[in-house]
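This report concerns only the one structure given below.
Every chain is numbered from 1, with letters handed out A, B, ... down the list of sequences. Note that these values count all heavy atoms, side chains included, but never hydrogens, waters or copies made by symmetry.
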2 protein chains.
Amino acid sequence: MTCSGHPVTVALAASGTRALRFWKRLQTKVDEEVTVSGIEDVASLAGVSKATVSRALSGRGYVSVETRAKVSDAAHRLGYVVSSSASSLVTGRTNNVGVIIPRINQWFFGSILEGVERALLDRGYDLMLYNVSKTVEERSKVFEYFLVRKRVDAVIAVTLEITPAETERLVGLGKPIAGIGGPLEGIPTVSIDDVAAARLATEHLLLLGHRDIVHVGGDVDEQMDFHVHSKRLKGFLEALTAAGIPHDENSYLATRFDIPGGYRVGKQLLGDPRRRPTAIFAAADEVAIGVILAARELGISVPDDLSVIGIDNHPLSDMFGLTTVEQRPDLQGEHAVDWVIRQLEQPGWSPDAGHAFAPTRLVMRSSTAPPRPRTG
Amino acid sequence: MTCSGHPVTVALAASGTRALRFWKRLQTKVDEEVTVSGIEDVASLAGVSKATVSRALSGRGYVSVETRAKVSDAAHRLGYVVSSSASSLVTGRTNNVGVIIPRINQWFFGSILEGVERALLDRGYDLMLYNVSKTVEERSKVFEYFLVRKRVDAVIAVTLEITPAETERLVGLGKPIAGIGGPLEGIPTVSIDDVAAARLATEHLLLLGHRDIVHVGGDVDEQMDFHVHSKRLKGFLEALTAAGIPHDENSYLATRFDIPGGYRVGKQLLGDPRRRPTAIFAAADEVAIGVILAARELGISVPDDLSVIGIDNHPLSDMFGLTTVEQRPDLQGEHAVDWVIRQLEQPGWSPDAGHAFAPTRLVMRSSTAPPRPRTG
DNA sequence: GAAACTTATGGAAAGGTTTCCTGAACCAGG
DNA sequence: CCTGGTTCAGGAAACCTTTCCATAAGTTTC
């Protein structure tokens, strides 16, 4: 095996067709003569054995400084890169991590993905993306056909219910798993403390003096794990109860977890002046923003006539002056990566607890204020 | 390092510990008895040779119906899955495609990623995600260290400038490449016809009778390829010129490609009644929505006092009644996948043209109307 | 000055597939 | 009955690393 691939220098034109031609020419050129160099070539160029090349390049085992220099020089000259297939065939490690995520195009999920990606790349792992909705057959297809196919070293599941059988299958293959979002049956998971976050938000409103508060939560759709909704509702009710404020079925409304969802419910809720609360706790910032937009349209001043608080600290929240309980999905992603990587790199290690709560904090802006004193 | 800076409080809820115990039990179970079966085991269980198993399972070559049944039965019983490392070591194919994308958490990019992912998974390929900002060193790190590492069969680059040297490197390795978004030097790319889309939007305003139109485009940041901005500006100016309408430096404003960006520039532009145009063509829906929000805040009625049109058909556009020129980033992603897969599966094939234009269409809503007849 | 380490290197085996080559069985046509 | 083509199956080579084992030189210790 020899490296016959001579470097091709070609002037690139700006025009589209010319660029295309350039590209086609490269294509055919490729067909003619491309050979990629292997470890053998590097070894002979550096005047050492394959074993030494492997050690020099991977940094494992004894290699003298000069030899290492010679080898890496030769490798660089030949443009050598290890075949990850061959490498992982013998080591049993693929160096990539599968990420199952139900949606991408939504702030929460996108941020998680960004965090996971960053953390993974930092540590030299590749990320295999499986964007799987919650339908059972899609998920099991991914599980059976893709994930298990010995292509990933570990799995990070975002807000995805995994059946015990599936968990067992993965763990049975010795692959670390971590979850983000909902509590996943039997696998360590990181998320915020939804109950506490909701309590914090509600307490903020209570502290301001609000007594008439409505919670707008998510409905059971595919957007989120339904646990999120029930927990945030729970925190809300807990706070009310602790403050000795009665609540009934009118204290809670469900809608889609996005701006239009909040807008719809806002219009509906605020349209009737008699039913209008003095404050709304939305389970997500996007919902809160939708509520604010509805309020504006109805001529209801925020925060003078209505206080609104959300959860997330969404990028748009600042623009709307939205008071919110911040969470950082990207850091949750990084945390999950930490877990699986550590399990990968020091076998036997496992998280101390089945669950880690990511920090949250109250971000006060201009959408909350004491309720307007009752006029006569 | 990631989580070290952000303390995570750990709590053991009742259910949490149960889950953990379950998980740990699985762990130890693993240590005791896991053995993964290889092709050899399947062969002996089915009473045939490894070669036959391979043929039966991959569907290549002659295998009798009964043998195939026996083999797949045995494979299923043993829970056998092929080692993709071993497989790709000999075939030279990894069956996954690398996707380089500058951002994830933005509608345009998220949609592309969703489309690419869907198309790839449909065809049995895995997607390796590289979320790379435009900084040179990050990009080259990905190129040199990850992509080229023989881990992907093809590359899809989203809105990323690739240097000729990098292109050459990839093509030199025989890996198909396709781009989405900006015109990439020397590689086939799919995108909308930005000039035409901008012209279409502008012509819509002109047709309604507007003469005083301002274009709000993107500034040169990392959000988008700057070609997008210049092309949409070009289409805008072309339409004005064709209609015989003069334009000057006041006809164009640049801002960030998001809602706050549009809001800022909207406030600034609409704040001064003398400078206020009758219509605004925003280069992106998010910018247009920001403008609408600014207008609302200033008491300017859309579309009575101001028409606004955008490009994208963003999910929020419907809620804001925004007239827009629709594009489908997900379909562009699928198109790019088509290209690379076809090149992979029928060697020698290459796209007819260096560029494909994805379709756009005008979606009329309530944000545009004829200008208010001049009073006074 | 010998024994015991440590450091440096090479040869060879191993890892799990796919595919090439070969041969057997079967069938149709002459 | 022989030939040639097709279908089926097995043995063995090949794919490219990493790692185990062996060897050898250099260094420390008693």
Hits for side-chain contact (heavy atoms from CB on, under 4.5 Å) against Ile341(B), two or more places apart or cross-chain, chain-then-number order -> Leu120(B), Arg123(B), Tyr125(B), Val337(B), Glu345(B)
* Within the structure, does a side-chain N or O atom of Ser54(B) lie under 4.0 Å from either OP1 or OP2 of dT18(C)? -> yes
Does a donor on one side chain and an acceptor on the other come within less than 3.5 Å for Ser87(A) and Ser84(A)?
-> no
Taken to the nearest whole Å, CG/Asn95(B) to P/dT17(C) is 15 Å
In whole angstroms, the gap separating C1' of dC8(D) from CZ of Arg60(B) amounts to 17 Å
Salt bridge flag under 4.0 Å for residues Asp330(B) and Arg118(B): yes
From the candidates dT17(C), dT19(D), dC16(D), the one with an atom nearest any side-chain atom of Thr91(A) is dT19(D)
Residues Lys175(A), Asp153(A): salt bridge by 4.0 Å N-O rule: no
Identify each donor-acceptor pair in which a side-chain atom of residues 65-72 of chain A lies under 3.5 Å from a protein atom, sequence neighbours left out, and give them as a table.
unit_1   : atom_1 : unit_2   : atom_2 : d
Thr67(A) : OG1    : Ser64(A) : OG     : 2.6
Arg68(A) : NH1    : Ala56(A) : O      : 3.1
Ser72(A) : OG     : Arg68(A) : O      : 3.1
Ser72(A) : OG     : Ala69(A) : O      : 3.2

Glu40(B) atom CD is separated from dA12(D) atom C1', nearest whole Å, by 13 Å
Arg93(A) atom CZ is separated from dG15(C) atom P, nearest whole Å, by 18 Å
Salt bridge (charged side-chain N to carboxylate O under 4.0 Å, His left out) filter on Asp41(B), not counting sequence neighbours, yields none
When rounded to whole Å, the CG to P distance for the pair Leu89(B) and dT18(C) reads 11 Å
Sequence neighbours excluded, the answer for salt bridge (charged side-chain N to carboxylate O under 4.0 Å, His left out) partners of Arg342(B) is none
Fill in: Close side-chain approach of Val158(B) and Pro102(B), heavy atoms under 4.5 Å
yes
Could you write out each protein N or O paired with an N or O of nucleotides 8-12 of chain C at a distance under 3.5 Å?
unit_1  : atom_1 : unit_2   : atom_2 : d
dT9(C)  : OP1    : Ser64(A) : OG     : 3.3
dT9(C)  : OP1    : Thr67(A) : OG1    : 2.5
dT9(C)  : OP2    : Ser64(A) : N      : 2.8
dT9(C)  : OP2    : Ser64(A) : OG     : 3.3
dT9(C)  : OP2    : Thr67(A) : OG1    : 3.1
dG10(C) : OP2    : Ser49(A) : N      : 2.8
dG10(C) : OP2    : Ser49(A) : OG     : 2.9
dG10(C) : OP2    : Thr52(A) : OG1    : 2.5
dG10(C) : N7     : Arg55(A) : NH2    : 3.0
dG10(C) : O6     : Arg55(A) : NH1    : 3.3

As a check of understanding: the bend across the helix from dG1(C)-dC30(D) to dG30(C)-dC1(D), end axes from five pairs, rounded to 10 degrees, works out to 40°
